[in-house]
Amino acid sequence: MTKTTLILSITTAALFVSGCSTSGGAGMVGYDSNVKYGDAKAVETVTADFGSTDLQSTAEALTQSLLESRYISKATQPPKVRLRTVNNLTYEHIDTKAITDKIRIKLLKSGQVRFLADKANLDEVYDEQQLTASTAVKENSKNIEEANYIVTGNVRSIKKANDSVKDVYYNVSLELVNPQTGEIVWADEKEIRKVTSKSSVGW
Amino acid sequence: MYRTKNFIITFAATTLLVAFFTGCASKDVTIIGEKRVDIIDHRTFKEGNFIKAVIDLENNDYDNVEGFVYRIEWFDKDGILKEATAWKPIVIHKNQKIQIVEMSNLPDVTTYKIVVSVPEKL
């Protein structure tokens, strides 16, 4: 009886101690593990593939350029814009929607542009209208607002390599198009060159 | 009388000099790491509702290409950080000058700070 009690006590104590032995202080768990938080905006050069730094710098550069265009900056009212497809013409997987989403966030924060639901979330808009609107409204619910401009674009890359050097060139181009006339009213590009040298460390 | 006048002139000149140099010490610029890159000049102007910052940088080194990163921090009139750009890599070839132009995307930004980080030479 005493032996069983002793074993149970030791087991319980061990479980208790191991349960309490999470590392770190208040508000921290696993502080001494290998997982660390980093600067989300730091320059990342782990590989030459299209990465977070390229996404961020592309979005910032093209947003600035778009805000400077007279069709946005001189507009009497913030124009209504719809995002369309940005084609990935490279040989690697690039989530081009991440680029346009980031640009949309920045432009919306600026207050200079209004955005209409794009193709990706238009179905959700229809569903919501069907769910909430009265029958009379439902009949007109497909009348989605017309955009003043649409944003389209392409991502291209050229890769070259020899035994010692790998060179990747990215070109992200965006266009602002008037859908009524088909006129391209603004276009700009962001160029990125990344060179990987086997002998070098870092960039 | 002459000594008093001299004192006033000297005091005024010193005050102006101190004010000038504290102004030039530029709280708008922070260089992290080795100071191998010079910020020659930086200024802002309004572009519509937004502030645009123009920064001139120089690599004084005759032998080396400098790779470094920079970011711009945008503040409102109360000194609250409204936005910071991502760190951006940039290269200046030896004995060359470059110009960086950045524009804030937020209308309530009034001031800015340039942070330049130069890595240690390996």
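This structure is a prediction, so every number in the text was calculated from the model and none was measured. First the proteins, then the strands, lettered A, B, ... as listed; each starts at 1.
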Can you give each donor-acceptor pair under 3.5 Å made by side-chain atoms of residues 81-92 of chain A, sequence neighbours left out, with the distance rounded to 0.1 Å?
from	atom 1	to	atom 2	distance (Å)
Arg82(A)	NH1	Ala117(A)	O	2.6
Arg82(A)	NH2	Glu145(A)	O	2.9
Asn87(A)	ND2	Asn154(A)	OD1	3.1
Asn88(A)	OD1	Thr90(A)	N	3.1
Asn88(A)	OD1	Thr90(A)	OG1	2.6
Asn88(A)	ND2	Glu92(A)	O	2.9
Thr90(A)	OG1	Glu92(A)	N	3.3
Thr90(A)	OG1	Glu92(A)	O	3.1
Glu92(A)	OE1	Phe50(A)	N	3.1
Glu92(A)	OE2	Tyr170(A)	OH	2.2

Exam field: side chain Lys36(A) to backbone Ser33(A), donor-acceptor pair closer than 3.5 Å: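 Confirmed, Lys36(A) side chain pairs with Ser33(A) backbone.
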Asn162(A) side chain vs Ser164(A) backbone, donor-acceptor pair below 3.5 Å: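 Pair found, side chain donor or acceptor close to backbone of Ser164(A).
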Pick from Lys106(A), Glu44(A), Gln56(A), Lys74(A) with the largest number of heavy-atom pairs that fall under 4.5 Å of chain B: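 It is Lys106(A).
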Shortest non-hydrogen contact between Ala187(A) and Glu175(A), atoms and distance: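 Scanning both residues completely, I find the closest heavy atoms to be CB-CG, 4.0 Å.
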Where Phe50(B) and Ser110(A) come nearest, the two heavy atoms and their spacing: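 Nearest pair, atom of Phe50(B) first, then Ser110(A): CZ-CB, 3.8 Å.
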Pair Glu102(B)-Gln64(A), side-chain donor/acceptor within less than 3.5 Å: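 Glu102(B) vs Gln64(A): donor-acceptor pair found between side chains.
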Residue Asp108(B) versus chain A: region with a heavy atom under 4.5 Å: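 Contact with chain A is absent: no heavy atom of Asp108(B) under 4.5 Å.
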Residues in residues 76-84 of chain B that sit under 4.5 Å from chain A, counting heavy atoms only: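 So far as heavy atoms go, Glu83(B), Ala84(B) are the residues that approach chain A to under 4.5 Å.
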Selection from Thr85(B), Val101(B), Asn49(B) maximising heavy-atom pairs under 4.5 Å formed with chain A: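 Looking at each of Thr85(B), Val101(B), Asn49(B) in turn, Thr85(B) comes out on top.
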Plane angle bin for Trp74(B) and Tyr112(B) - parallel if under 30°, tilted between 30 and 60°, otherwise perpendicular: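 The rings of Tyr112(B) and Trp74(B) sit tilted, inter-plane angle from 30° to 60°.
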Proximity breakdown for Thr53(A) and chain B, heavy-atom pairs closer than 4.5 Å: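 Looking at Thr53(A), just its side chain touches chain B.
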Side-chain ion pair, Arg43(B) and Asp56(B), N-O less than 4.0 Å: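 Salt bridge present between Arg43(B) and Asp56(B).
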